[in-house]
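As structure tokens, the structure follows; a few thoughts come after it.
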2 protein chains.
Amino acid sequence: MSDNDGGKAAAVPHAGMKHVPRQASRQPSIKDIARLARVSHPTVSRALQNSPLVNAETAAKIRKIAEDSGYRASAVARGLVTRHTRTIGLVVTTVDDPFASEVTCGIEEIANDHRYAVILANSHADPERERRVVQELAERRVDGIIVTSSRVGALYLPLLKELEVPIVLVNDQYPGEFVHSVMIANRDGTRAATEHLIELGHRRIAYLGDRGGYQSDAERLAGYKEALAAAGIDFAPELAAEGDGRPEAAIEAMDALLQLHHSPTAVCCYNDMTALGAMRAIRARGLRVPEDVSVTGFDDLFFAAYLTPTLTTVRQPMRRMGQMAMENLFKLMSGQTSGQASGQDSVVQIKVAAELIVRGSTGKAQKHEGNHA
Amino acid sequence: MSDNDGGKAAAVPHAGMKHVPRQASRQPSIKDIARLARVSHPTVSRALQNSPLVNAETAAKIRKIAEDSGYRASAVARGLVTRHTRTIGLVVTTVDDPFASEVTCGIEEIANDHRYAVILANSHADPERERRVVQELAERRVDGIIVTSSRVGALYLPLLKELEVPIVLVNDQYPGEFVHSVMIANRDGTRAATEHLIELGHRRIAYLGDRGGYQSDAERLAGYKEALAAAGIDFAPELAAEGDGRPEAAIEAMDALLQLHHSPTAVCCYNDMTALGAMRAIRARGLRVPEDVSVTGFDDLFFAAYLTPTLTTVRQPMRRMGQMAMENLFKLMSGQTSGQASGQDSVVQIKVAAELIVRGSTGKAQKHEGNHA
DNA sequence: TTGTAGGCGTTATCAA
DNA sequence: TTGATAACGCCTACAA
């Protein structure tokens, strides 16, 4: 008998049982069930997978026994032999960022539908840490990885090649054969927001960005510049400020803008969190939004419609983008297991449309405020 | 040779290689490394674990080879033999709830410090689904589970007994030997908030709760009632309304309160999201906060200090609570592996203090508004 | 200090 | 329809 425990399964702890309170008794294994049902373990395996090649009666009997004994097949053991874990890794800067948590929700939703588990890892926007967590995910043999707002960029390529795990990036991209992505139309978004401000008569418009060095920020800044250029307004470097994507830093940056000799009458923010800080800084100086300064955000987080005034912003379908990333990843994963060349020539880069939502934080420029310094 | 692949490791795919683009070549295994280093695989295992029982030179050589070949030990295989996965399961109602994401952050932080991975699962506040995801976590052989805002309550007990996995609940508790918890002092929190309103002269104070049936809500309602009773104010059932913990539902509920013949001059909300909706509803009727109606929240989410007016609320150290839950779980897990009776008589129920943060959304009651209907 | 042997709990591949 | 038997990749004795 090559059995591991010779019969002292959870159910029947005979032998040397002294008075051990609650022996950390193993969960029942497939062999325990097999013994109870008087069949071989492969049969149990088949029965539990509803294989047609097993007698209906014995299958029912087996399932009953398994049920009664609280048997739960070990995904660990299964993963070892099947070579896939039904697990994906998700790397976000930090989940307490509303953008990340919305995307995460979309991902989890689709993953869960397919009975995949999601391992969550925070990179804290630290490239080094990001690399480390990706490595750890690889050790855990995740079937795929999604990374949002990556900071690593080019550093990925060699790692990816090595990992041989499909990866999808959200709101970042890297021009390589291994990297697929889902991105919002950043440039279109801020261009639309800036055009809207221009239409309202603003000429002195600031851009309050993110110093994190994200591709998103570069693109949004570009969209802002495009709109200015199209309207014949010179880009004023002193009007391009930087926060870190969170309200606190935005306050400082906005305050500095307001202290400029010829301060802006409108500000196009990198995202809604930044806009939150900008609005606060504006009010702190006794100015009003939008009468004195108009503000636009980006993301359309849940609170945007609840602020006073409500926030004009560029909507990003975050949850949907998460879903798309996950669906995309599933495609890649199935393509890979089916022995296909892992989508070398089918790099998918999905671009999602951005939508300007006009609300109360933007208004007409004051007449008396000029257009040149 | 009992080797699995007879030498055709990732490095040397000889034999029948036709023109297969990129053979899904296995990641190198410990045996591959052993062969390359001309030692046995246990030696490799030891070297990689920095075991002192291996010659320093050979260890170095082995590590170099492992490094060069991109070897990453399989956590799956390791988990199978060590019987623990260095993985914990986290069940939240939904990660896009700011409270949940803050808690999640704290958990992930501590887990990551210990090189544990976190599997994220959303219950969507559905007891059935909650049970299902917990089962799945068990199949994946997580070493522990944390559940926030559980809806299952009593249903857990039998399941837990069966699972034999340590569990920690956040903001819910169940009086059983298997369930440990970290909770905020709900009752103290709303009592303090309500007392604050009473001190401001309010007598007609509403409570805007959560119909989800959470223990938190019951406790917060109790705290509100306590404060009223202490001040000799009768509890008016018509002033106890219910939302669902999100702004939209709160708008409706608040609006109904405002339509009461003798409407409230202040409202104590279940949480900040609810307060967000309440404030909007108040404004929608042309009333002002706090001049006409004062509002208090609960949680102190990031946006509370950025609203206009800023929100008076009960602070809950969410991230810290997540950390505590995780630290607690680690204690339970180590106690278990060390062969202890899994903490039967050491059920830990941590109660965290709530702190009232007074800001701008609460003000003195108007003189002309009476105190009885 | 190193190697041999065995087992962790599954699924897969054969025969029977 | 079922049962032996062999992996999967690692770790842990125990032996050398």
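Below, chain A is the first sequence line, B the second, and so on; all start at residue 1.
The separation between B:Lys31 atom NZ and C:dG3 atom P is 14 Å, rounded to whole Å. One interatomic measurement links the two molecules: CZ of B:Arg46 to C1' of D:dT12, which rounds to 9 Å at whole-angstrom precision. Across the protein-nucleic acid pair, B:Arg38 atom CZ and C:dT1 atom C1' stand 19 Å apart, rounded to whole Å. Spacing between atom CG of B:Leu48 and atom C1' of D:dT12 amounts to 16 Å, rounded to whole angstrom units. Counting to the nearest Å, the C1' atom of C:dC8 and the CG atom of A:Asp32 are 13 Å from each other. Between B:Leu53 atom CG and D:dA16 atom C1' there is a gap of 15 Å when expressed in whole angstrom units. Following rounding to the nearest Å, A:Ile30 (CD1) and C:dC8 (P) show an atom-to-atom distance of 14 Å. For the pair B:Gln27 CD and D:dC8 C1', the interatomic distance rounds to 14 Å; values are reported in whole Å.
Look at A:Thr58 and you'll find a side-chain N or O under 4.0 angstrom from OP1 or OP2 of D:dT2. At least one side-chain nitrogen or oxygen of B:Ser45 sits closer than 4.0 Å to the OP1 or OP2 atom of D:dC11. Look at A:Thr43 and you won't find any side-chain N or O under 4.0 angstrom from OP1 or OP2 of D:dT2.
Nearest to the side chain of B:His41, among C:dT11, D:dT2, D:dC11, sits D:dC11. Proximity note for A:Arg141 (side chain, C-beta onward) versus D:dC10, C:dT10, C:dT2: the nearest is D:dC10.
The shortest distance between side-chain heavy atoms of A:Val91 and A:Ile146 does not fall below 4.5 Å. In this structure, the side chains of B:Val182 and B:Leu169 stay at 4.5 Å or more apart for every pair of heavy atoms.
A salt bridge does not link A:Arg132 to A:Glu128: none of the charged side-chain nitrogens sits closer than 4.0 Å to a carboxylate oxygen.
Nearest-nucleotide positions on DNA chain C for B:Ala59 and A:Pro42 put B:Ala59 closer to the 5' end.
Looking at A:Gln323 and A:Glu109, their side chains do bring a donor and an acceptor atom within 3.5 Å of each other. Donor-acceptor pairing under 3.5 Å is recorded for the side chains of A:Gln135 and B:Arg72. Defined by atom type and a distance below 3.5 Å, a donor-acceptor pair is missing between the side-chain atoms of A:Arg141 and A:Thr87.
Rounding to the nearest 0.5 Å gives a distance of 9.5 Å between CG of A:Asn55 and NZ of A:Lys61.
Here A:Arg86 pairs with nothing under the side chain to side chain donor-acceptor pair (under 3.5 Å) rule; sequence neighbours left out.
A heavy atom closer than 4.0 Å to some atom of DNA chain C occurs in B:Leu80, B:Val81, B:Arg83, these being the qualifying members of residues 73-83 of chain B.
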| Using Watson-Crick and G-U wobble pairs with both distances under 3.5 Å, what is the 5'-to-3' dot-bracket string of DNA chain C, with [ ] for crossing pairs and | for pairs outside the strand? | ||||||||||||||||
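The two atoms that bring A:Ile30 and A:His41 nearest to each other are CD1-O, 3.6 Å, heavy atoms only.
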